[in-house]
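This structure is a prediction, so every number in the text was calculated from the model and none was measured.
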Amino acid sequence: MATKHIPSIISLLIIFANFIPHTAAANNNNNITPKLVFILGDSTADVGTNNHLNLSKAIANFPHNGIDFPNSQPTGRFSNGFNSADSLAKLFGLEKSPPPFLYLLTLGSRFQDNLYRGVNFASGGAGLLDTTGKNLTVVPLSEQIAQFRSVRNNFTAMIGPSATQKLLCKSLFFISIGSNDILEYFSTKNRMPEDEYISILMSTYSKHITTLYRLGARKFGIISVPPVGCCPRQRLVQKVVNGREGCFNPMNDFALAFHSALDTLLSQIDSHLPEINYSLGNTYKMTFDVIKNPKFFQFEKVDSACCGFGYLNAAGPCNKTATLCPKRDKYLFWDMFHPTQKASELAALTLYTGPLYYVSPINFSQLAKDN
C-alpha cells in the first residue's frame with residue numbers, strides 16, 4: 001500500500017523545492033522575454049471581465065476581495081489578491097494577467113495597440129456550455145472565443161494574415177473551465193445520467209478547441225477541474241444534507257471522470273490536428289495533495305474559507321461585512337469556492353514546472369518553448 005503514495009510524495013518534494021526560487025524569479029522577471037498570452041475560462045482566471053457586464057451577478061469588485069492586491073484594490077478577481085491567471089502570466093514574463101477584453105474595448109483608438117500585451121477573456125460563472133451561468137449574466141466560452149476572433153481580425157488588419165499566423169502559433173492559450181458545469185449539473189433536480197452529460201461536455205470542449213485551432217491557436221495550456229466537492233460550500237452541503245463532515249464525494253467522483261475524459265479527448269485531438277501542442281494540468285491531484293498534506297505546503301486551513309459567514313465561512317459570500325481571517329496565506333480557500341492568492345501561486349508553479357504526475361504530456365514551461 002505504501003508504494004502507491006511514492007509518486008505523490010516525490011512530486012510534492014519537487015514542487016515544494018522549487019516553489020520559493022521560482023516565485024522569487026516570477027517577482028523579478030525582467031530577464032524573461034514576455035510571451036503573448038490569451039486566457040479563457042471562468043472565475044479562477046477572471047481579472048475583471050464581469051465588472052463590465054451591467055447585470056452580472058457573478059462579480060467580486062468589492063471588499064474584502066482584493067485586500068492583498070496592490071493598494072488593497074478589489075479588481076473583480078475572486079481572490080484576496082492575484083489569481084491563477086496572474087500567477088501564470090508572471091511566470092511567462094508579464095507583471096500580471098493581460099487585461100480583460102471588455103476593458104480593452106473601452107480604450108477606443110488605443111484598443112489595437114494594447115493587444116500586444118495579450119488578452120484575458122475569462123468570465124466568472126462561465127462554463128463549457130452556453131447554458132451554464134446564463135442566469136448570472138456571464139460570458140460563456142463560445143462568446144469568449146468569438147471575442148478572440150475579433151482580436152485575431154484586428155491583428156490581421158495591423159500586420160497581415162501571414163504575420164498574424166506566425167504570431168499566434170507561438171502564443172500561449174490557457175483555458176481554465178468546467179467547474180461551473182459540474183456545479184450546475186448537481187443543482188439540477190431532473191438531470192441526465194452522468195456519462196451522458198460528460199459526453200456532451202467533451203463534445204463541446206472539442207468544438208471549442210478546434211475553433212481556436214482554426215483561428216490560429218497551436219499551444220494550449222488546459223487546466224482541468226479540481227475536487228470541487230472539497231470546496232467549503234460543498235463541505236457545507238455534505239454537512240447539511242448528509243449530516244457528515246468532509247468532502248462531497250459524488251461531486252469529486254464526477255470531477256475525476258471529467259478529467260479522465262478530457263485526457264482522452266486531448267490525446268485524440270492531438271492525433272488529428274497538425275502542429276497542435278497541449279499540456280493538461282491535473283488540478284484534482286494538485287489540490288487533493290495539498291488537502292492531504294497541508295503542513296507540507298505551509299497551510300493551516302484547507303477546509304474552511306478565509307472570507308465568508310457561518311459554518312466553514314461557507315454559508316454566505318465574501319463581502320465587506322463578512323468574517324475575514326487574519327492569516328490569509330495559511331488558507332487554501334479564499335471564499336466558499338475560490339483559492340487564495342498563495343494557493344493560486346502554488347497551482348501556477350506546478351503547471352509551469354511540475355512533473356508528469358501533475359501535468360502531462362509536458363508542463364507549461366515546456367509548452368512555451370518555440371518549436
Side-chain angles (χ1 to χ4, degrees), residues 26-27 37 39-90 94-107 114 117-126 133 136-139 144 174 176-177 179-180 183 231-233 301 304-310 312-348:
N27 292 329
V37 172
I39 300 171
L40 304 96
D42 55 27
S43 56
T44 57
D46 186 345
V47 294
T49 291
N50 289 6
N51 296 349
H52 300 274
L53 301 174
N54 292 332
L55 300 177
S56 181
K57 299 176 184 176
I59 53 175
N61 56 349
F62 49 80
H64 295 297
N65 295 299
I67 190 170
D68 296 312
F69 198 83
N71 301 315
S72 295
Q73 180 183 3
T75 60
R77 291 165 171 83
F78 295 78
S79 172
N80 58 303
F82 292 104
N83 66 15
S84 59
D86 297 300
S87 298
L88 272 175
K90 289 178 183 180
L94 304 174
E95 292 183 2
K96 57 184 177 181
S97 167
F101 173 82
L102 295 182
Y103 163 76
L104 293 177
L105 287 181
T106 69
L107 300 181
N114 281 273
R117 300 165 60 192
V119 184
N120 186 316
F121 305 92
S123 173
L136 300 174
T137 308
V138 302
V139 184
Q144 294 178 35
F174 299 138
S176 177
I177 205 159
S179 294
N180 291 319
L183 289 169
C231 69
R233 184 66 176 184
K301 293 287 187 178
S304 60
C306 172
C307 182
F309 295 89
L312 299 179
N313 269 351
C318 176
N319 56 38
K320 63 181 180 181
T321 64
T323 301
L324 179 66
C325 72
K327 298 190 293 182
R328 293 175 286 279
D329 62 346
K330 297 299 182 183
Y331 277 69
L332 176 61
F333 291 99
W334 164 240
D335 60 17
M336 64 176 75
F337 292 114
H338 303 99
T340 56
Q341 175 176 279
K342 180 186 175 182
S344 294
E345 289 172 347
L346 180 59

With a 3.5 Å distance limit and no angle check, can you tell me whether [X] reaches the backbone of [Y] through a side-chain donor-acceptor pair?
X    : Y    : value
D46  : G124 : yes
S176 : G41  : no
S84  : T44  : yes
N71  : Q73  : no
S72  : D68  : no
N83  : F78  : no
T340 : D329 : no
Q341 : S79  : no

- Please identify each residue that fulfils side chain to side chain donor-acceptor pair (under 3.5 Å) with R117, with sequence neighbours left out. N114

Taking all atoms of both residues into account, what is the closest heavy-atom pair of [X] and [Y], and its distance?
X    : Y    : result
A45  : A85  : O-CB, 3.6 Å
S304 : P232 : C-CG, 3.9 Å
G76  : N51  : CA-OD1, 3.6 Å
V138 : A58  : CG1-CB, 4.2 Å
V37  : P98  : O-CG, 3.6 Å

- Query: Hey, does K301 have a side-chain heavy atom less than 4.5 Å from the side chain of C325?
  - Reply: no

- N65 side chain near C318 side chain, heavy-atom distance below 4.5 Å: yes

Value rounded to 0.5 Å, distance of [atom1] in [X] from [atom2] in [Y]:
X    : Y    : atom1 : atom2 : value
I67  : C307 : CD1   : SG    : 8.5 Å
N54  : I59  : CG    : CD1   : 10.5 Å
Y331 : N313 : OH    : CG    : 7.0 Å
N50  : S43  : CG    : OG    : 8.5 Å

- Task: Flag yes if more than 12 heavy atoms outside F309 fall under 6.0 Å of its CZ atom; otherwise flag no.
- Result: yes

- Query: With sequence neighbours excluded, what pairs up with F101 under the side-chain contact (heavy atoms from CB on, under 4.5 Å) test?
  - Reply: L105, F111, V119, F121, Q147, S150, V151

- Item | Stepwise side chain to side chain contact (heavy atoms under 4.5 Å, CB included) check, L40 with I177 | CA-CA 8 Å; L40 304 96; I177 205 159; over 6 Å; no

- Message: Distance alone, cut at 3.5 Å: any donor-acceptor contact between the side chains of S97 and D86?
- Response: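 Note: S97 and D86 side chains miss the donor-acceptor criterion.
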
- Task: Can you tell me which residue pairs pass the ring pair (Phe, Tyr, Trp, His ring centres under 6.0 Å) test with a partner in residues 48-71, sequence neighbours excluded?
- Result: F69-F82

